[in-house]
2 protein chains.
Amino acid sequence: MARSNRTRYAVLGMLAIGKRSGYDLKKEFERRMSHFWAESLGQIYPTLKQLLDEGMVRAHRDSGTGRRVRTVYSITARGRKELSAWLQDPPQTEQVRNEMLLKLYFGPELGVESAVTHLSRFETEQRRVLEVMEGFQPEIAEVAESGEQELFWKITLASGLHVIRARIAWCQEARCMLEKWRQSEGQTKPRALRRLEAS
Amino acid sequence: MARSNRTRYAVLGMLAIGKRSGYDLKKEFERRMSHFWAESLGQIYPTLKQLLDEGMVRAHRDSGTGRRVRTVYSITARGRKELSAWLQDPPQTEQVRNEMLLKLYFGPELGVESAVTHLSRFETEQRRVLEVMEGFQPEIAEVAESGEQELFWKITLASGLHVIRARIAWCQEARCMLEKWRQSEGQTKPRALRRLEAS
DNA sequence: TTACGCATGTAAGAGGTTACATGATTTT
DNA sequence: AAAATCATGTAACCTCTTACATGCGTAA
């Protein structure tokens, strides 16, 4: 049973924008959609093949303009219909799995020291991501093929900006809380260490 | 290959807090950790069995105080050591998959109308989640078994609050953007419909 | 000529969900 | 007496990642 197979629709959706090769798809997921969607090549190629068998997409050999030969795919009417139906369904909220928060939840076992380390690293990383995303903003108008396209891409980007900024704010708050605790309690050692010392 | 097997550590971490049955674990994931972690029973029971075989946990028959018999597990020294090592590793950022954002990214195919519908539904849902989380706050002090426990639980809860509020703010901004577009363009129909009408 | 990026794929196998199965106890 | 909740599992099955394999074109 497992999950619904969203790779199909992710691929179909991209091909609805325009013809692309498997490799193109991977690049696009990585470069422009990484803050809300990920796909691996080991998933993309088989999916493309399957969609082809089902008549959802068409394949063309593209040997255009000096480039080496590659296979580009475009969506068929059937594919577009299937995509459309899926798009209208209310989006499923995914099951979340946030390793950072899980580790913090186990804080007494982790130790305040390490918690601060994890948080600092995370904050730095999030700031870097934020910078990249802010750099996207002007790019969108150039890449989008219509005003409508641009509108929706701006909306998805805005989501990323809001959430990342919230995460950064949270990091600061959390580190502040830990600092306060440290000062008032002097409890910086993980439970495991204290356990040892007690014996 | 696939992923690292975090279920092990999630279970181990919970048992480091105190003894619990498989069923208890499931409830706790669901009720108090659902905004950052999910586990299914079909995963929990086999993991518990495996951890038992490896000597990471111990099993006790608990027929206590009028309740029916159940199997509760507690962590062993080996288990705690394994957990500790994992906790110190920098948390891996998960691959994200946000169906809502994916569908919005395909906005021209989805249509402004449906986009607004999806967003509204999502916003309502997020507001409900926010309310539940805000209700948690006072509960934490009661459930936590130490000040340190309480501190860390407050930190994970704070993350949820920040992110959910950010999502709600984004919903409003996004709907505002869509409304503006609607007024200036009058383009409320999905591309599929316009395509039909054009022929 | 060596190495890197482009490009396409396959295979193995872990990880995870859902559905099925079962039975006791408590509530309505 | 029926229904809901507690409680524990197993089986089927899909999804997805990682690793492996291959070869072309171009830049250093």
Side-chain angles (χ1 to χ4, degrees), chain A residues 1-12 15 19-31 34 37-53 57 59-73 86 92-99 102, chain B residues 1-12 19-31 34 37-54 57 59-73 86 92-99 102:
Chain A
M1 291 67 202
R3 263 265 165 282
S4 43
N5 198 356
R6 285 103 89 249
T7 300
R8 279 176 74 78
Y9 302 107
V11 167
L12 231 33
L15 297 181
K19 54 176 69 167
R20 280 151 172 78
S21 70
Y23 199 79
D24 289 340
L25 287 168
K26 175 62 180 162
K27 276 190 300 181
E28 214 163 337
F29 283 124
E30 236 162 38
R31 296 196 187 148
S34 60
W37 205 262
E39 288 292 350
S40 65
L41 280 170
Q43 193 80 339
I44 291 173
Y45 284 114
T47 300
L48 241 17
K49 196 178 186 179
Q50 193 197 328
L51 288 171
L52 190 63
D53 290 344
V57 304
H60 324 261
R61 283 268 136 189
D62 174 21
S63 50
T65 60
R67 307 182 60 182
R68 78 212 75 181
V69 210
R70 31 184 240 139
T71 315
V72 296
Y73 296 84
W86 178 76
Q92 301 290 308
T93 51
E94 352 272 304
Q95 92 289 32
V96 212
R97 288 196 141 193
N98 186 322
E99 212 174 291
L102 186 66
Chain B
M1 291 76 202
R3 263 266 165 284
S4 43
N5 197 356
R6 283 103 90 248
T7 300
R8 278 176 74 78
Y9 301 107
V11 167
L12 230 33
K19 54 177 68 167
R20 280 151 171 76
S21 69
Y23 198 79
D24 288 339
L25 286 167
K26 174 64 179 162
K27 274 190 301 183
E28 215 164 336
F29 283 123
E30 234 161 42
R31 297 199 188 146
S34 60
W37 205 263
E39 288 292 350
S40 65
L41 280 170
Q43 193 80 339
I44 290 173
Y45 284 114
T47 299
L48 240 18
K49 197 177 187 180
Q50 194 197 327
L51 288 171
L52 191 62
D53 290 343
E54 296 170 348
V57 303
H60 322 260
R61 284 267 136 193
D62 174 23
S63 49
T65 61
R67 307 183 59 182
R68 75 211 76 180
V69 212
R70 28 181 243 139
T71 313
V72 296
Y73 297 84
W86 178 76
Q92 301 291 307
T93 51
E94 352 271 303
Q95 89 292 31
V96 214
R97 289 196 139 193
N98 187 321
E99 210 172 292
L102 186 66

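Everything numeric in this text was worked out from a predicted model, so none of it was measured.
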Does [X] make a side-chain N or O approach to OP1 or OP2 of [N] shorter than 4.0 Å?
X       : N      : answer
A:Thr7  : D:dT15 : no
B:Tyr23 : D:dT8  : no
A:Arg6  : D:dC16 : yes
A:Ser21 : C:dT8  : yes

>> Between B:Arg6 and B:Glu94, does any side-chain N to carboxylate O distance fall below 4.0 Å?
In response: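 Yes, charged N to carboxylate O under 4.0 Å.
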>> One thing to verify: whether A:Glu28 and A:Arg20 come together as a salt bridge, which I'm taking to mean a side-chain N less than 4.0 angstrom from a carboxylate O.
In response: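 Yes, A:Arg20 and A:Glu28 are salt-bridged.
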Starting at atom [atom1] of [X], determine the distance to atom [atom2] of [N], rounded to an integer number of angstrom.
X       : N      : atom1 : atom2 : result
A:His60 : C:dT8  : NE2   : C1'   : 17 Å
B:Arg61 : C:dA24 : CZ    : C1'   : 13 Å
A:Arg8  : D:dC16 : CZ    : P     : 12 Å
B:Leu25 : D:dG9  : CG    : C1'   : 15 Å
A:Arg70 : C:dG5  : CZ    : C1'   : 14 Å
B:Gln95 : C:dA14 : CD    : P     : 18 Å
B:Phe29 : D:dA7  : CZ    : C1'   : 17 Å
B:Glu94 : C:dG15 : CD    : P     : 14 Å

Measuring from atom [atom1] of [X] to atom [atom2] of [Y], what distance do you get when rounded to the nearest 0.5 angstrom?
X       : Y       : atom1 : atom2 : value
A:Glu39 : A:Glu30 : CD    : CD    : 11.5 Å
B:Glu54 : B:Lys49 : CD    : NZ    : 13.0 Å
A:Thr7  : A:Leu12 : OG1   : CG    : 11.5 Å
B:Ile44 : B:Leu51 : CD1   : CG    : 11.5 Å
B:Asn98 : A:Thr93 : CG    : OG1   : 9.5 Å

> Partners of A:Ala59 by side chain to side chain contact (heavy atoms under 4.5 Å, CB included), sequence neighbours excluded?
Replying inline: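 Side chain to side chain contact (heavy atoms under 4.5 Å, CB included) check on A:Ala59 returns A:Leu52, A:Thr71, A:Tyr73.
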> Would you say B:Arg97's side chain and A:Ala38's backbone share a donor-acceptor pair under 3.5 angstrom?
Replying inline: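 Confirmed, B:Arg97 side chain pairs with A:Ala38 backbone.
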> Between A:Tyr45 and A:Tyr23, what is the shortest heavy-atom contact and its length?
Replying inline: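 Looks like OH-N, 3.5 Å.
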> Counting side-chain heavy atoms from CB outward, which of C:dG9, C:dG15, D:dT8 is closest to B:Asn5?
Replying inline: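 Nearest listed nucleotide: C:dG15.
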> Using the C1' atoms of the five pairs at each end, what is the angle between the end axes of the helix from C:dT1-D:dA28 to C:dT28-D:dA1, to 10°?
Replying inline: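 Roughly 30°, once rounded to the nearest ten degrees.
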> So what does B:Arg97 touch, heavy atoms closer than 4.0 Å: a base, only the sugar-phosphate, or nothing?
Replying inline: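 The residue B:Arg97 makes sugar-phosphate contact but no base contact.
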> At under 4.0 Å between heavy atoms, what does B:Tyr73 touch on the DNA or RNA strands: base, sugar-phosphate, or nothing?
Replying inline: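 If one applies the 4.0 Å heavy-atom cut-off, B:Tyr73 turns out to touch the sugar-phosphate alone, with no base involved.
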> When you measure from every atom of DNA chain D, which of residues 39-53 of chain B have a heavy atom less than 4.0 Å away?
Replying inline: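 Of all residues in residues 39-53 of chain B, the ones placing a heavy atom under 4.0 Å from DNA chain D are B:Leu41, B:Gly42, B:Tyr45, B:Lys49.
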